[in-house]
Amino acid sequence: MRSLTTALLVPWLALSACGTDDGPVGEIVVESTTGTVTLLGGDAHTLYWSTKSSTGATVVEGASLDQLPVAMPTSLGAAAGPMVQVRDHVLLETSSAVLRTGLTTTSSKLEVTNTDALGEASDETPVWTARATVSWGKPGPAVHVVSLPHVDLSNRVLPTTGSIFVEAEATTERRLFRVDRATDAATALAGSREFADRFPGGGAANATYVGRLVAADDRGASWLVEERAAGATTATRAILVAVPLTGEPTVALPAIGAVTVFFADEASFYWQEGDALLTASRSGGAASIVGHLPTTAGAIAAGFVYYVDGGAIMRSDLDAL
């Protein structure tokens, strides 16, 4: 992604704070939820999440933000596999099919099950993966099917108008693949360990490196590479690598700490380190602290950050943090 070639030269400790010390001003979106809540995302008018009950059942729900301050949850289906929010709707695998549904979207089914990851391009073409297989299009003869070499599992898929980017568990490490929608050709774009020497001061001895697909467009993908110290199960620091369709990857964000969550919209990246929410422009430049949150952010959409606090789904204006 050539717009990400400008490196951030400011370490985390030198980041400038944009918010205040008074804490976020939160607005209740949904007053009470039952079970374990995972926010999926939304847009200016909708928010989607899943709830997992004590019995293990997972239900996908949504609420219209136009109804605030009294947003009423709507149940959209029981998930038996992956689920993902795309623009104003969601894709979820039920026990019998992949369901495309939303608060204002006519529900439709894709007769597919046992998927690893789901996605949808801006032209509304559905994409699904199952182990090493990437498929897209409507069911029947028009479906495209591509196999990724030496892949055991696909964790995430981000389709664009011309490409399908896949984060996959390969035989030896996590890798980033690109599938050309025009030619059905699959290419391995990046691994994880190859970027160890791109960390400030070089890689750490005996550390492991794990890549994560966090954003993509028709210019390329953003590959978050996290470093885990020997014996650690969580990351200690990270860098963000811009991986273009052709040419050499470049480091876009060189000084990221231990990341809890990472988000991207059309203009900006957002990530959380501890209770601090940080941001940087996708076109490059200095990073800054947006503010501090009482818990882990779950979604960012239309100028708001959403999070679960005490059983309630809350949101705070990014400009008010």
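Note: hydrogens, waters and symmetry copies are ignored here, and every other heavy atom, side chains too, is used.
- Judged as a ring-ring contact (aromatic ring centres under 6.0 Å, His included), not a single pair has a partner in residues 29-52 (not counting sequence neighbours).
- Partners of Asp152 under the salt bridge (charged side-chain N to carboxylate O under 4.0 Å, His left out) rule, at least two apart in sequence or in another chain, do not exist in this structure.
- Between the side chain of Ser281 and the backbone N or O of Ser268 there is no donor-acceptor pair closer than 3.5 Å.
- No donor-acceptor pair under 3.5 Å is formed between the side chain of Asp180 and the backbone N or O of Ala185.
- Here salt bridge (charged side-chain N to carboxylate O under 4.0 Å, His left out) pairs that include residues 194-214, with residues two or more places apart or in two chains, are Arg212-Glu226.
- Listed by chain and residue number, nothing satisfies the ring pair (Phe, Tyr, Trp, His ring centres under 6.0 Å) test with Phe263 (two or more places apart in sequence, or in another chain).
- A donor-acceptor pair is defined here as one N or O able to donate and one able to accept, closer than 3.5 Å; no such pair exists between the side chain of Ser147 and the backbone of Ala132.
- For Glu111, the side chain to side chain contact (heavy atoms under 4.5 Å, CB included) partners at least two apart in sequence or on another chain are Ala97, Lys109.
- Among residues two or more places apart in sequence or in another chain, the ring pair (Phe, Tyr, Trp, His ring centres under 6.0 Å) test is passed with Phe304 by none.
- Residues that satisfy the side chain to side chain contact (heavy atoms under 4.5 Å, CB included) test with Thr233, not counting sequence neighbours, are absent from this structure.
- Listed by first and then second residue, the salt bridge (charged side-chain N to carboxylate O under 4.0 Å, His left out) pairs involving residues 251-266 amount to none (not counting sequence neighbours).
- The closest side-chain heavy-atom distance from Val166 to Leu176 is not below 4.5 Å.
- Take Val59 and apply the side chain to side chain contact (heavy atoms under 4.5 Å, CB included) test, not counting sequence neighbours, and it matches Thr51, Glu61, Ser75.
- Thr129 contributes a side-chain N or O that, together with a main-chain N or O of Ala117, makes up a donor-acceptor pair within less than 3.5 Å.
- With a 4.5 Å cut-off on side-chain heavy atoms, Asp123 and Thr161 do not count as touching.
- A distance-only check finds no donor-acceptor pair linking the side chain of Thr101 to the backbone of Ser107 [under 3.5 Å].
- Thr187 contributes no side-chain N or O that, together with a main-chain N or O of Leu189, makes up a donor-acceptor pair within less than 3.5 Å.
- Contacts of Arg174 classified as salt bridge (charged side-chain N to carboxylate O under 4.0 Å, His left out), with partners at least two apart in sequence or in another chain: Glu167, Glu169.
- Within the structure, salt bridge (charged side-chain N to carboxylate O under 4.0 Å, His left out) contacts touching residues 90-102 (residues at least two apart or in different chains) are Arg100-Glu120, Arg100-Glu124.
- In terms of modelled atom types and a separation under 3.5 Å, the side chain of Arg178 and the main chain of Gly220 share no donor-acceptor contact.
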Sequence neighbours left out, cut at 3.5 Å: what donor-acceptor pairs do the side chains of residues 235-242 make with other protein atoms?
residue, atom, partner, partner atom, Å
Thr236, OG1, Glu227, O, 3.1
Arg237, NE, Glu227, OE1, 2.8
Arg237, NH1, Pro200, O, 2.9
Arg237, NH2, Gly202, O, 2.7
Arg237, NH2, Glu227, OE2, 3.2

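- The main-chain N or O of Gly191 is found under 3.5 Å from a side-chain atom of Trp223 such that the two form a donor-acceptor pair.
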